[in-house]
Amino acid sequence: MKRLVLVLALGLLGCFSGAESKAVTASELTPYERAAAYSKEFRGLSVLIIKDGKTVFEEYQNGHGADKAQMLASGTKSFSGVMLAAAIEDGIVKGFDEKISDTITEWKADPAKSAVTVRDLLTLTSGIDPGSFGRVPAYKDAIKNNFNYPNREMFQYGPAPFQVFGEFMTRKLKSKNETVEAYLKRRILDPIGLKVARWTKQGDQINLPSGAFLTAREWSKFGILLLNDGKWNGKQIVGKELLRQLRTGSTANENYGVTFWLNKQNDGRASVPEPKRKRMLDLLGIEDETTKAAKEGFGKRLPKDVYVAAGAGKQRLYVFPTEKMVIVRQGRQSKFDDERFLELALGIARK
C-alpha cells in the first residue's frame with residue numbers, strides 16, 4: 001500500500017512539475033545526431049562538426065573524451081601534401097614537378113627512378129614498391145625500394161613513398177639545419193596552434209605515413225586551414241593555389257590527389273593492382289578499402305568537391321568547400337561506411 005501511494009505521489013509530482021518521460025525517436029534526431037548515432041554503433045570515438053566557422057556538433061563515444069588523442073593512422077599522410085605546398089612557396093622545392101633525383105642523386109642512374117617527380121611520389125603513382133601496411137621503413141631504407149610498375153601507370157597505396165618524401169625533405173632542409181618535424185611544426189602546425197600529442201618515429205624521424213596522434217579538436221584545426229584555402233585568422237599560412245593543386249587526381253586514380261582522397265568519379269575506373277591479401281579478403285568477405293575508394297569515391301550523391309584525410313580504423317577528416325564544413329570522425333576498426341555517415345550528416349535521404 002505504501003509503495004502504491006509513493007508511485008501515485010511521484011506521478012502527481014511529475015504532472016505538476018512539467019516532467020516528461022517521452023522517448024526521443026530516430027525521426028526526431030537532427031542530421032548531426034543521426035550521423036553520430038551511426039558512428040557510435042560502429043565503434044566511433046568522436047564526431048566533431050564545424051560549419052561556417054562555428055562548432056555545431058561535438059560528441060565523444062564509447063569511452064573516448066575530448067582530451068584523448070587518437071592515432072590518425074594514414075590520416076597523417078595529408079600533412080605531407082601541405083608541407084610540400086609550403087616548401088614550394090618557401091622556394092625549398094622548385095615545384096610539384098621537380099624530380100626527386102635532383103636531390104636523391106642515387107636515383108639518377110636508374111631510368112625508372114630518375115623520372116619520378118614529387119607529384120608522382122605523393123599521388124602514389126611513381127611505380128615504387130609502396131611497402132606493407134604497418135611496416136614503415138626508415139627514410140634512408142625507403143629510397144632503396146624497387147619499382148613495380150612504370151611511372152604513372154598504376155596507383156599503389158602504402159607507406160614507402162611518404163618516407164621517400166621524408167628523405168627528400170631531410171636533404172632539402174639540411175642546409176637550414178632543420179628537421180622535417182621542426183619544419184612541419186614551425187611552418188604549418190604552430191601558426192594554427194595545432195598540438196600533436198605524440199608521433200611514432202624511426203629514430204628521431206617522424207613517420208609521415210601514419211605517425212600522428214591527435215584529439216578531434218586539434219585535427220579540426222588542420223581541416224579549418226584547408227577549408228579556408230590556407231588562411232588562419234586572416235593570415236595566409238600557405239598559398240591558396242598551391243593547396244588547390246593537392247585536390248587534383250592522377251590519370252591512374254582520379255579519386256586521389258596529392259595525399260588527399262577525393263570524390264571526383266564513382267564509375268569504378270582506376271588503375272589499381274590487386275591487393276596482396278585478396279584471396280584472404282575474399283574468403284573473409286572483406287572489401288579492400290583503398291581499392292573501393294579509388295574506384296568508387298565516397299558516394300554518387302555526395303558533393304564532388306569533398307576531400308578527405310583518411311586512416312585505418314575509420315579515422316576521417318572530411319572537408320566540404322561548398323558546404324563550408326569540416327567533419328572529424330575518429331573510431332576503431334569496423335564496417336563503418338563513409339557514404340552512409342555523410343548522407344546522414346548532410347541530411348541526404350536514401351531513395
Side-chain angles (χ1 to χ4, degrees), residues 72-85 87 93 95-101 104 107 112-137 139 141-169 207-212 243 245-265 268-278 288-298 307-312 315-317:
L72 302 190
S74 289
T76 306
K77 289 178 169 64
S78 298
F79 288 120
S80 290
V82 178
M83 177 163 52
L84 171 60
V93 177
F96 287 97
D97 297 315
E98 178 180 338
K99 290 184 177 180
I100 296 291
S101 59
I104 300 178
W107 280 25
K113 291 182 176 181
S114 64
V116 172
T117 66
V118 193
R119 187 194 305 273
D120 299 333
L121 193 67
L122 294 185
T123 55
L124 307 184
T125 60
S126 67
I128 194 170
D129 187 330
S132 302
F133 295 109
R135 296 181 181 178
V136 181
Y139 295 173
D141 294 327
I143 67 173
K144 299 173 185 175
N145 279 24
N146 295 321
F147 271 52
N148 293 336
Y149 297 97
N151 195 9
R152 304 185 189 92
E153 181 181 274
M154 195 73 72
F155 172 80
Q156 298 179 97
Y157 192 80
F162 297 91
Q163 295 295 82
V164 172
F165 179 66
E167 180 65 16
F168 173 78
M169 286 299 297
N207 285 340
L208 292 173
S210 55
L243 290 180
Q245 286 274 337
L246 307 183
R247 289 137 59 183
T248 301
S250 67
T251 54
N253 181 6
E254 289 184 39
N255 284 331
Y256 195 84
V258 181
T259 75
F260 286 95
W261 286 97
L262 313 172
N263 191 43
K264 298 295 186 184
Q265 57 92 2
R269 288 185 298 108
S271 300
V272 184
E274 286 193 352
K276 294 177 182 178
R277 304 166 295 158
K278 186 177 187 305
D288 179 63
E289 289 184 20
T290 57
T291 299
K292 182 178 185 296
K295 291 185 175 183
E296 299 176 17
F298 289 96
Y307 58 108
V308 187
Q315 322 308 323
R316 301 289 190 261
L317 175 67

Hits for ring-ring contact (aromatic ring centres under 6.0 Å, His included) against F162, two or more places apart or cross-chain, chain-then-number order -> none
Any pair with a residue in residues 245-258 that passes side-chain hydrogen bond (donor to acceptor under 3.5 Å, both in side chains), sequence neighbours left out, goes on the list, sorted by first then second residue, please. R119-Q245
Could you tell me the separation between the [atom1] atom of [X] and the [atom2] atom of [Y], rounded to the nearest 0.5 Å?
X	Y	atom1	atom2	answer
F165	I100	CZ	CD1	8.0 Å
S80	F168	OG	CZ	12.0 Å
L208	F79	CG	CZ	10.5 Å
D129	K144	CG	NZ	15.0 Å
Y307	K264	OH	NZ	10.0 Å
Q163	N145	CD	CG	10.5 Å

For [X] and [Y], work out which heavy atoms get closest and say how close.
X	Y	answer
A160	P137	CA-CG, 4.3 Å
A270	K295	CB-CG, 3.9 Å
V272	A294	CG2-CB, 3.8 Å
P159	S132	CG-O, 3.5 Å

Between the side chain of [X] and the main-chain N/O of [Y], is any donor-acceptor distance below 3.5 Å?
X	Y	value
S210	A73	no
S78	T259	yes
Q265	R269	yes
R316	G311	yes

Sequence neighbours excluded, which residues qualify as side-chain hydrogen bond (donor to acceptor under 3.5 Å, both in side chains) partners of Q156?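 side-chain hydrogen bond (donor to acceptor under 3.5 Å, both in side chains) check on Q156 returns N148.
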Can you name the side-chain hydrogen bond (donor to acceptor under 3.5 Å, both in side chains) partners of K77, sequence neighbours left out? S74
Are the side chains of [X] and [Y] in touch, meaning some heavy atoms are under 4.5 Å apart?
X	Y	answer
N207	T76	no
L317	V308	no
I128	V164	yes
L246	F96	yes
L124	P130	no

With T290 via side-chain contact (heavy atoms from CB on, under 4.5 Å) - residues at least two apart: Y157, W261, D288
Residues in side-chain contact (heavy atoms from CB on, under 4.5 Å) with D120, at least two apart? V116, T117, T125, S126, N151, R152
Please assess L84 against V118 for the test side-chain contact (heavy atoms from CB on, under 4.5 Å), listing each intermediate value before the final yes or no. CA-CA 9 Å; L84 171 60; V118 193; 3.7 Å; yes
